[in-house]
Amino acid sequence: MQGIIIAGGKGTRFRPLTYIRPKPLIPVVNKPLLEYQVEQLRLHGVDRIVFATNYLAEKIEEHFGDGSRFGVEMRYAIEESPLGTGGAIRNAASQLWYQEDFVVFNGDIVCGFDLQQIIAFHLAKSSTCTIALTPIPRPNPFGKIVIDSDMSIQSWTEPSEAEKKTLASLNPDADFHEGDDYINAGFYVISPRLLELIPDDRPVSFERETFPTLMDHEERLYAMPMDGYWTDVGRPSQLMDVTEALLTGKLPYQNPTAIMPTAYIDPKAVLHGYVVVAEGCRVEAGVELNNTVLMPNVHIAADSVVNNCIIDSECIIGPSARLDGVVLGAGSNITQGTQLNGVLANGTHA
């Protein structure tokens, strides 16, 4: 089976982490997010993969090369300018190996789905497009899909970008939820005939344009509710959610390494909760880390306290600093005794 991973977004909600890398290469428990998707696709029989890339595309190709190191074949379809989800699929499809059905994975999705189940269903139904669904409490910022008893799609309602921003700002733990919606989980199985309905000369939204066109043409369209963990990794809080899921075994990937062997952690440092320490890090005596991710070559000096933070590579945190809920960009320098709370930070802070 062949597939496409859409990995072209700029990841603006992940800044400053995406200043030096595309979002799909952000480390998740010491491994780039895309590696988990490649591993999952390979385990479910998808061994030829095209990356649809745009922002910092060269970094993705440098990391994966021809795919042989990951047990797959890889090609790259670079968008000179963003083409939207539908346009990205059509552009990348030109790099596929043969004119047969293929899968599409959004590059910011982490899930524990049995992908072979939905692939088999799609082929059995001779579907034009089959979409993986996951239940999400409403209200939520995602498109709502309604299916009938045989899993054929009856409607797909997509909120506007303004509505998405408003809904995304709501507290996900609030007690006013009104049941669940089935939403697009970012995994599709697609027949080549769908490509004929996507214009090739401009950006196209799969959700807002391609799919309504398919409905108008009365194509066979199905959606399958899937079991297992799911999240889109669109902002730093979701990176922390996935970190917890991986470290607690909620996801079926190979056991990740939370503390890299080249990291030094002083015996008098204290680690609580879900802590990830990448290669080359140094954590000195008296440091407290709680639910925190350290990317490569971070140095945390003595007696600092770091809670619920993501610290990008090459950062230096001086003695007795206090950081809480901070996302710190690569190469930042936090001087002695500095206190930061709930900020996205880049550069030197004193």
I would like to know whether F187 and F113 meet ring pair (Phe, Tyr, Trp, His ring centres under 6.0 Å); could you show each step before the answer?
CA-CA 10 Å; F187 182 82; F113 298 163; 8.1 Å; no
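- Panel note: side chain Q37, backbone I109; a donor-acceptor pair is recorded below 3.5 Å.
- Note on residues 219-233: pairs passing salt bridge (Lys or Arg N to Asp or Glu O under 4.0 Å), not counting sequence neighbours, are R193-E219.
- Listed for the N297 side chain is no donor-acceptor partner under 3.5 Å among the backbone atoms of C281.
- Residues M215 and F211 are in side-chain contact: their nearest non-hydrogen atoms beyond the backbone lie under 4.5 Å apart.
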Pairs under 3.5 angstrom only: tabulate donor-acceptor contacts from the side chains of residues 45-59 to other protein residues two or more places apart or in another chain.
unit_1: R48; atom_1: NE; unit_2: E73; atom_2: OE2; d: 3.4
unit_1: N54; atom_1: ND2; unit_2: E79; atom_2: O; d: 2.5
unit_1: Y55; atom_1: OH; unit_2: T18; atom_2: O; d: 2.6

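- Looking at heavy atoms from C-beta onward, M74 lies out of side-chain contact with Q95 at the 4.5 angstrom threshold.
- A donor-acceptor pair is defined here as one N or O able to donate and one able to accept, closer than 3.5 Å; such a pair exists between the side chain of D150 and the backbone of S152.
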Listed pairs under 3.5 Å, donor-acceptor, residues 271-280 side chains, sequence neighbours left out:
none

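- Cation-pi contact between R208 and W156: absent, since separation from the ring centre below 6.0 Å together with deviation from the ring axis within 45° is not met.
- The shortest non-hydrogen separation linking A321 to I334 is CB-CG2, 4.1 Å.
- Side-chain atoms of I310 and L328, non-hydrogen and from C-beta on, never get closer than 4.5 Å to each other.
- With sequence neighbours left out, P225 forms a side chain to side chain contact (heavy atoms under 4.5 Å, CB included) with L133, I147, M151, Y182.
- Residues meeting the side-chain hydrogen bond (donor to acceptor under 3.5 Å, both in side chains) test with N290, sequence neighbours left out: none.
- Under a hydrophobic-cluster definition in which Ile, Leu, Val, Met, Phe, Trp and Tyr are linked whenever side-chain heavy atoms come within less than 4.5 Å, directly or via other members, Y229 and M240 are assigned to the same cluster.
- R90 places no side-chain N or O within donor-acceptor distance of the main-chain N or O of G86, the cut-off being under 3.5 Å.
- Side chains of K23 and I26 form a contact here, defined as non-hydrogen atoms less than 4.5 Å apart.
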Does F14 form a side chain to side chain contact (heavy atoms under 4.5 Å, CB included) with V233? I'd like the steps, not just the answer.
CA-CA 9 Å; F14 254 113; V233 188; 3.7 Å; yes
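- Of all the heavy atoms in L115 and F105, the pair that sits closest is CD1-CE1, 4.2 Å.
- Within the structure, salt bridge (Lys or Arg N to Asp or Glu O under 4.0 Å) pairs that include any residue of residues 128-137 do not occur (at least two apart or interchain).
- Around CD of Q99, the count of heavy atoms belonging to other residues, nucleotides or ligands within 6.0 Å does not exceed 12.
- Taking both residues in full, the closest heavy atoms of V298 and S313 are given as CG2-CA, 4.4 Å, listed atom of the first, atom of the second, then distance.
- Using a 4.5 Å cut-off between side-chain heavy atoms of Ile, Leu, Val, Met, Phe, Trp and Tyr, with links allowed through other members, L340 and L289 fall into the same hydrophobic cluster.
- Applying the side chain to side chain contact (heavy atoms under 4.5 Å, CB included) criterion to S237, with sequence neighbours excluded, gives R235.
- The pair R69-E35 fails the salt-bridge criterion, with no side-chain N (NZ, NE, NH1 or NH2) lying under 4.0 Å from an Asp/Glu carboxylate O.
- Proximity of a side-chain donor or acceptor of H122 to a complementary backbone N or O of I118 within less than 3.5 Å is not detected.
- Counting heavy atoms from C-beta on, the side chains of C315 and S332 come closer than 4.5 Å.
- Side-chain atoms of I6 and V104, non-hydrogen and from C-beta on, do get closer than 4.5 Å to each other.
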Walk me through it: do L323 and N308 pass the test side chain to side chain contact (heavy atoms under 4.5 Å, CB included)?
CA-CA 8 Å; L323 275 64; N308 302 306; over 6 Å; no
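- Following chains of ILVMFWY side-chain contacts shorter than 4.5 Å, one cannot reach V189 starting from L43, and the two form parts of different hydrophobic clusters.
- A distance of 9.0 Å separates OG1 of T257 from NZ of K31, quoted to the nearest 0.5 Å.
- For the side chain to side chain contact (heavy atoms under 4.5 Å, CB included) test, residues two or more places apart in sequence or in another chain that qualify with D266 are Y264, K268, A285.
- A salt bridge does not link D303 with R322: every distance from a Lys NZ or Arg NE/NH1/NH2 to an Asp or Glu carboxylate oxygen is 4.0 Å or more.
- Side-chain N or O atoms of T128 include none that pairs as donor or acceptor with a backbone N or O of S191 at under 3.5 Å.
- Put simply, L34 and M1 are part of the same group of oily side chains (I, L, V, M, F, W, Y) that touch within less than 4.5 Å, one to the next.
- Residue pairs satisfying the salt bridge (Lys or Arg N to Asp or Glu O under 4.0 Å) criterion with at least one member in residues 333-342, sequence neighbours excluded, are absent.
- A salt bridge does not link E61 to R75: none of the charged side-chain nitrogens sits closer than 4.0 Å to a carboxylate oxygen.
- The backbone N or O of G234 lies less than 3.5 Å from a partner atom in the side chain of Q238, making a donor-acceptor pair.
- For the ring pair (Phe, Tyr, Trp, His ring centres under 6.0 Å) test, residues two or more places apart in sequence or in another chain that qualify with Y188 are F206.
- Residues forming a side chain to side chain contact (heavy atoms under 4.5 Å, CB included) with Q117 (at least two apart in sequence, or on another chain): D114, M224, M226.
- D101 approaches P192 most closely through the heavy-atom pair N-CD, 3.8 Å.
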Check the pair E209, R202 against salt bridge (Lys or Arg N to Asp or Glu O under 4.0 Å), reporting the backbone distance first and the verdict last.
CA-CA 12 Å; E209 183 174 349; R202 58 179 175 81; 2.5 Å; yes
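- With no hydrogens or angles considered, a side-chain donor-acceptor pair links T130 and S127 at under 3.5 Å.
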Stepwise side chain to side chain contact (heavy atoms under 4.5 Å, CB included) test for I300 and V306
CA-CA 9 Å; I300 303 185; V306 183; 4.2 Å; yes
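- Across every non-hydrogen atom of L195 and F102, the tightest pair is CD2-CZ, 4.1 Å.
- Between M295 atom CE and I20 atom CD1 the span is 8.5 Å, to the nearest 0.5 Å.
- Neither side chain, T338 nor Q336, offers a donor N or O lying under 3.5 Å from an acceptor on the other.
- Contact check for Y98 versus Q2: side-chain heavy atoms found under the 4.5 Å cut-off.
- Hydrophobic clustering of Ile, Leu, Val, Met, Phe, Trp and Tyr side chains at less than 4.5 Å, counting indirect connections, keeps V270 apart from L294.
- Scanning both residues, L247 and A258, for their nearest heavy atoms gives CD2-CB, 3.8 Å.
- E284 is linked by a side-chain hydrogen bond (donor to acceptor under 3.5 Å, both in side chains) to H299, counting only residues two or more places apart in sequence or in another chain.
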How far apart are the C-alpha atoms of I153 and V146, what are their side-chain angles, what is the distance that settles it, and do they pass the side chain to side chain contact (heavy atoms under 4.5 Å, CB included) test?
CA-CA 6 Å; I153 296 175; V146 176; over 6 Å; no
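- A side-chain donor-acceptor contact under 3.5 Å links S304 to the backbone of S320.
- Taking the side chain as every heavy atom from C-beta outward, V305 and V287 never approach each other to under 4.5 Å.
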